[in-house]
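Data block below; observations after.
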Amino acid sequence: MERHIDRVLIHRDDIARRVDELAGQIAEDFGSPSGGSAADRFMPTRPDITVVPILAGSIVFLADLMRCLPLMARVRFLTVQSYTGRTTTSRGPAIDGELPEDLAGNAVLIVDDILDSGKTLALAREKILERSPAMLRTCVMLRKELPEAMETPVDYVGFDIPNEFVVGYGLDYDGYYRNLPDVVTLRPEVFS
Ligand code: IMP
Ligand code: MG
């Protein structure tokens with residue numbers, strides 16, 4: 001796998017530092033006291049945050065981000081299909097399976113790996129809004145420097161990267177390379 005790597009775009013240490021910063025911002029925005037009783041604060045009737053990761057690309061980011069969040073947190077998964085098989089361009093996303101049911105009145109954070117055309121995040125946002133959350137924010141680890149991506153509303157961004165196909169840190173090509181700890185580009189031979 002290592003020999004398939006062309007360049008390391010973002011090293012694991014820089015990712016870890018940035019994830020910590022993002023979590024700090026998120027904790028500040030979501031964690032302000034909601035005015036419940038002392039008992040509520042000890043055992044809240046609602047979580048401070050419901051994290052909705054978009055599968056499968058966000059799993060590595062999710063695992064790191066969650067562990068940096070000092071909040072009462074739940075996770076509800078959302079599966080959105082975009083790339084299928086050996087392609088590096090999306091044909092437009094679609095929700096796969098059920099939407100999480102119990103989001104009404106919750107403070108929700110959608111988490112995705114990368115903002116490319118922005119269609120995945122826009123669809124996820126639209127669908128989650130149908131569940132009437134009290135608050136909805138969005139977070140992506142990476143955003144490509146493309147007009148569509150830059151114009152897509154998003155609240156938290158880890159890194160802006162050039163418009164290149166990247167893998168690692170949860171991102172895949174044909175289902176592989178998600179377990180690479182750094183964000184990297186692949187050698188051209190891999191695609192042929
Ligand atoms: P969008 O809908 O075009 O914004 O695409 C977002 C989804 O496409 C992400 O959740 C990724 O799963 C996938 N994707 C976009 N760009 C890349 C990339 O460079 N490498 C791997 N997956 C990507
Ligand atoms: Mg994805």
Side-chain angles (χ1 to χ4, degrees), residues 1-12 14-15 18-19 22 26 51-66 75-100 108-130 136-192:
M1 190 167 62
E2 294 291 328
R3 68 197 157 78
H4 298 181
I5 296 173
D6 186 18
R7 277 181 307 124
V8 173
L9 239 63
I10 311 172
H11 189 271
R12 64 200 78 175
D14 297 317
I15 296 174
R18 186 67 186 126
V19 169
L22 284 175
I26 293 165
V51 183
V52 178
I54 301 179
L55 295 177
S58 66
I59 54 170
V60 178
F61 178 38
L62 170 78
D64 285 346
L65 185 70
M66 280 197 69
V75 183
R76 292 292 181 269
F77 296 99
L78 183 65
T79 305
V80 179
Q81 294 294 351
S82 47
Y83 288 46
T84 36
R86 296 170 68 90
T87 56
T88 56
T89 48
S90 177
R91 270 177 239 138
I95 302 278
D96 187 4
E98 298 296 303
L99 272 184
V108 175
L109 178 72
I110 298 175
V111 174
D112 204 4
D113 50 1
I114 189 166
L115 201 54
D116 184 3
S117 72
K119 287 180 187 156
T120 300
L121 196 64
L123 177 69
R125 197 166 204 292
E126 183 192 311
K127 291 293 174 189
I128 296 300
L129 276 175
E130 288 174 10
L136 179 60
R137 300 241 166 133
T138 52
C139 175
V140 294
M141 184 62 203
L142 305 173
R143 175 170 63 183
K144 288 193 185 170
E145 282 167 350
L146 281 172
E148 309 90 282
M150 299 308 249
E151 282 156 20
T152 303
V154 56
D155 299 296
Y156 310 98
V157 177
F159 298 90
D160 283 311
I161 60 164
N163 180 23
E164 287 183 83
F165 191 78
V166 292
V167 297
Y169 200 68
L171 291 133
D172 74 302
Y173 171 60
D174 199 19
Y176 293 98
Y177 307 106
R178 292 194 199 275
N179 53 325
L180 285 170
D182 308 310
V183 173
V184 306
T185 57
L186 293 172
R187 296 169 68 96
E189 304 89 271
V190 174
F191 302 103
S192 51

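When a ligand or atom number is given, it counts from 1 through the structure's own listing order. Keep in mind that what you see is a predicted model, and the values were worked out from it rather than measured.
- Not a single heavy atom of Pro93 sits closer than 4.0 Å to an atom of ligand 1.
- The closest non-hydrogen atom to atom 21 (C) of ligand 1, taken over Val167, Val166, Val140, comes from Val166.
- Close approach of ligand 1 to Lys144 is summarised as follows: ligand atoms under 4.0 Å from at least one heavy atom of the residue are 16 (N), 17 (C), 18 (C), 19 (O).
- Atom 10 (O) of ligand 1 has its nearest heavy-atom neighbour, among Asp113, Thr120, Ile54, in Asp113.
- Close contacts between ligand 1 and Ser117 involve ligand atoms 1 (P), 2 (O), 3 (O), 4 (O) [criterion: under 4.0 Å to a heavy atom].
- With Leu180 as the partner, the side chain to side chain contact (heavy atoms under 4.5 Å, CB included) test is satisfied by one option alone out of Asp172, Val8, Ile5: Ile5.
- Classified by interplanar angle (parallel below 30°, tilted 30° to 60°, perpendicular above 60°), the ring pair Tyr169/Phe61 is tilted.
- Of the residues Val111, Val140, Leu171, Ile114, the one that meets the side chain to side chain contact (heavy atoms under 4.5 Å, CB included) test with Ser58 is Val111.
- Heavy-atom contacts of Glu164 reach the following atoms of ligand 1: 19 (O) (cutoff under 4.0 Å).
- Listed by number with element, the atoms of ligand 1 under 4.0 angstrom from any heavy atom of Asp172 are 21 (C).
- Residues satisfying the side-chain contact (heavy atoms from CB on, under 4.5 Å) test with Glu145, not counting sequence neighbours, are Met150, Asp160.
- Residue Glu126 places its CD atom among more than 12 non-hydrogen atoms of other residues, nucleotides or ligands, all under 6.0 Å distant.
- Those atoms of ligand 1 with a heavy atom of Asp112 less than 4.0 angstrom away are 10 (O).
- Against a heavy-atom cut-off of under 4.0 Å, Gly118 is close to the following atoms of ligand 1: 1 (P), 3 (O), 4 (O).
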